[in-house]
Protein chains: 2
Amino acid sequence: MPVISDIYKNFDEKSRRILYNVLSAKTIEYRANQMISYSMGKRNVIGIVETGRARMIRYEYTGERTILDEINEGDIFSDMFVESDFSELSVESITDCTVTFINYEEIIEKSESSRLALQFLNNFVHVINHILTKRNERIELLTTRSIRNKLLAYFELQAKKNNSKTFNLNYSYTDLADYLAVDRSALMRELKNLKEEKFIKDVNKKITLLY
Amino acid sequence: MPVISDIYKNFDEKSRRILYNVLSAKTIEYRANQMISYSMGKRNVIGIVETGRARMIRYEYTGERTILDEINEGDIFSDMFVESDFSELSVESITDCTVTFINYEEIIEKSESSRLALQFLNNFVHVINHILTKRNERIELLTTRSIRNKLLAYFELQAKKNNSKTFNLNYSYTDLADYLAVDRSALMRELKNLKEEKFIKDVNKKITLLY
DNA sequence: GCAATTTTGTTGCATTTGCAACATACAAAC
DNA sequence: GTTTGTATGTTGCAAATGCAACAAAATTGC
């Protein structure tokens with residue numbers, strides 16, 4: 001299933017190339033498990049993941065790791081979204097990736113004269129709105145008061161998105177624990193409880209809500 | 001400290017009026033504790049709170065109520081930021097409010113020809129980014145693994161914003177507990193520990209970091 | 001195919017947190 | 001000034017969570 005990215009809405013391949021030329025966009029290839037560091041340090045750079053998957057991760061000085069976001073094909077990331085001097089953020093490729101970098105100011109400048117640039121800016125706004133929605137969801141999950149509630153809230157959200165009580169987890173449990181900011185073993189224990197109490201069924205990563 | 005709204009950056013009163021005329025903006029007055037319902041139902045409407053304070057509230061299908069955001073003078077709100085079909089959102093005035101409504105599509109259309117509209121769109125992007133940053137901060141706090149760390153992270157953030165190791169809390173401890181999604185008494189206990197271990201000083205709501 | 005690495009699954013134990021129930025301080029309302 | 005209500009501060013106890021350590025299963029790399 002090809003990912004249709006909102007950032008390219010109403011763009012065909014040709015106009016995309018024209019636009020990228022106008023905006024002096026740079027496309028860079030990354031291997032799996034690499035640091036995507038082009039944008040770091042430079043302000044107002046937008047990265048578009050053309051192919052592949054990546055993650056935004058925060059490393060604590062203690063060595064603790066928190067997954068801040070999944071970045072899939074067609075998703076964008078930007079230091080514009082983060083208070084840069086507060087925490088050590090990095091974007092890491094999961095698979096091989098192709099990433100295009102664009103300077104935001106460039107888009108604004110060119111939007112005055114180029115209809116393509118304006119269309120792209122419009123798409124950008126919609127994409128940020130979508131990210132905002134995702135952040136809101138995350139906050140909802142994190143503000144529930146127990147691991148059980150976090151798990152159930154997460155599962156319900158996935159069910160809603162899949163329009164079905166059955167869905168595949170796209171996180172490993174190790175990662176899910178990081179995402180929900182809880183201890184992995186504690187998460188496993190609670191997961192077991194949920195299964196035993198017939199709240200859910202879990203046939204290797206395919207979850208079914210039983211209520 | 002006056003609120004400087006990014007949404008009006010580079011706009012004087014005159015150009016703002018011109019722009020609002022071009023965009024067919026509508027300004028509506030609300031009394032305190034009223035539902036600000038103009039935008040509901042219509043997609044892609046942006047509300048700008050010119051004067052007064054309001055709140056964004058989510059009503060659960062269970063009847064549960066959650067305060068999602070404080071909206072102060074100069075802040076904007078929009079149904080664009082929310083997955084509309086999942087939850088029932090509403091904005092309610094706290095004090096008397098003046099709210100200007102603009103249709104986002106209108107901004108895009110007019111941006112092609114009007115420099116003011118493009119400037120406004122640019123401001124809009126920066127405002128959303130700022131909201132995104134606030135959400136990220138909240139997530140940072142929520143993903144730390146203990147009450148102690150949540151408190152310290154929160155205090156450090158405030159210290160940073162105030163550019164000083166001493167600052168006034170603008171939350172009551174009761175509210176702070178809700179904000180950090182922890183039990184209030186547990187928060188008080190940890191606060192006491194932090195004071196006893198000389199991490200912080202707390203002279204009625206004036207906190208000083210001692211490290 | 002085999003070795004190396006990562007993820008899953010489990011458990012005992014210590015610590016942290018939440019809950020409930022107070023007393024006290026403070027502020028607002030009458 | 002008294003009442004009423006809300007915020008602060010405290011504590012014992014039960015429950016939830018994190019930590020550490022391990023075995024088994026699955027996946028990846030060569």
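Atom set for the values below is all heavy atoms of this structure, side chains included, hydrogens, waters and symmetry mates excluded. Given the structure is predicted, the values throughout are model-derived calculations rather than measurements. In what follows, chains are A, B, ... by sequence order, proteins preceding strands, each numbered from 1.
- Between the side chain of B:Thr133 and the backbone N or O of B:Asn129 there is at least one donor-acceptor pair closer than 3.5 Å.
- Annotation: side-chain contact (heavy atoms from CB on, under 4.5 Å) contacts of B:Asp96 (sequence neighbours excluded): B:Arg31, B:Ala32.
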Please tabulate, one pair per line, all N/O donor-acceptor pairs under 3.5 Å involving side-chain atoms of residues 192-203 of chain A, not counting sequence neighbours.
from, atom 1, to, atom 2, distance (Å)
A:Glu197, OE1, A:Arg148, NH1, 3.1
A:Glu197, OE1, A:Arg148, NH2, 3.3
A:Glu197, OE2, A:Arg148, NH2, 2.9
A:Asp202, OD1, A:Lys205, N, 3.2
A:Asp202, OD2, A:Tyr173, OH, 2.7

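- The residues A:Arg16 and A:Glu13 are annotated as salt-bridged, a charged nitrogen and a carboxylate oxygen being separated by less than 4.0 angstrom.
- Nucleotide D:dT8 holds its P atom 11 Å from the CD1 atom of B:Ile207, rounded to whole Å.
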Look for any protein N or O under 3.5 Å of an N or O in nucleotides 24-30 of chain D and output each such pair with its distance, or none.
none

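- Here D:dT11 presents its C1' atom at 13 Å from CE of B:Met188, a figure rounded to the nearest Å.
- For B:Arg135, the side-chain contact (heavy atoms from CB on, under 4.5 Å) partners at least two apart in sequence or on another chain are A:Leu132, A:Arg135, A:Asn136, A:Ile139, B:Asp69, B:Ile131.
- Between B:Phe101 and B:Tyr30, the ring planes are perpendicular. Angles over 60° get that label, and only those under 30° would be called parallel.
- Evaluation of the side chain to side chain donor-acceptor pair (under 3.5 Å) rule for A:Thr208 yields A:Thr166 as partners, not counting sequence neighbours.
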Please list, one pair per line, the donor and acceptor atoms closer than 3.5 Å that link side chains of residues 119-126 of chain B to other protein atoms, with sequence neighbours excluded.
from, atom 1, to, atom 2, distance (Å)
B:Gln119, NE2, B:Asn123, OD1, 2.9
B:Asn122, OD1, A:Tyr104, OH, 2.8
B:Asn122, OD1, B:His126, NE2, 3.3
B:Asn123, ND2, B:Ile7, O, 3.1
B:Asn123, ND2, B:Lys9, O, 2.8

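- What separates OH of A:Tyr171 from C1' of C:dT8 is a distance of 18 Å, to the nearest Å.
- The side-chain contact (heavy atoms from CB on, under 4.5 Å) check on A:Gln158 picks up A:Tyr154, A:Phe167, with sequence neighbours excluded.
- Every side chain to side chain donor-acceptor pair (under 3.5 Å) that B:Ser146 has, sequence neighbours left out, goes to B:Asn149.
- In the helix from C:dG1-D:dC30 to C:dC30-D:dG1, the end axes, each obtained as the rotation axis mapping the C1' atoms of four pairs onto the next four within a five-pair block, lie 70° apart to the nearest 10 degrees.
- The CG-P distance, from B:Asp178 to D:dT8, rounds to 11 Å in whole Å.
- Residue A:Arg145 comes nearest to B:Ala181 through the heavy atom pair CD-O, 3.5 Å, listed as atom of the first residue, atom of the second, then distance.
- Residues passing the side-chain contact (heavy atoms from CB on, under 4.5 Å) test with B:Arg53 are B:Glu70, B:Asn72, B:Ile94, B:Thr95, sequence neighbours excluded.
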Protein-nucleic acid N or O pairs under 3.5 Å, nucleotides 13-19 of chain C:
from, atom 1, to, atom 2, distance (Å)
C:dT17, OP1, B:Ile147, N, 2.7
C:dG18, OP2, B:Asp183, N, 2.9
C:dG18, N7, B:Arg189, NH2, 2.9
C:dG18, O6, B:Arg189, NH1, 3.1
C:dG18, O6, B:Arg189, NH2, 3.0
C:dC19, N4, B:Ser185, OG, 3.1

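- Ion pairing between A:Glu156 and A:Lys160 fails under the 4.0 Å rule for side-chain N and carboxylate O.
- Of the residues in residues 191-206 of chain A, not one comes within less than 4.0 Å of DNA chain D through any heavy atom.
- Rounded to whole Å, atom P of D:dT10 lies 11 Å from atom OH of B:Tyr173.
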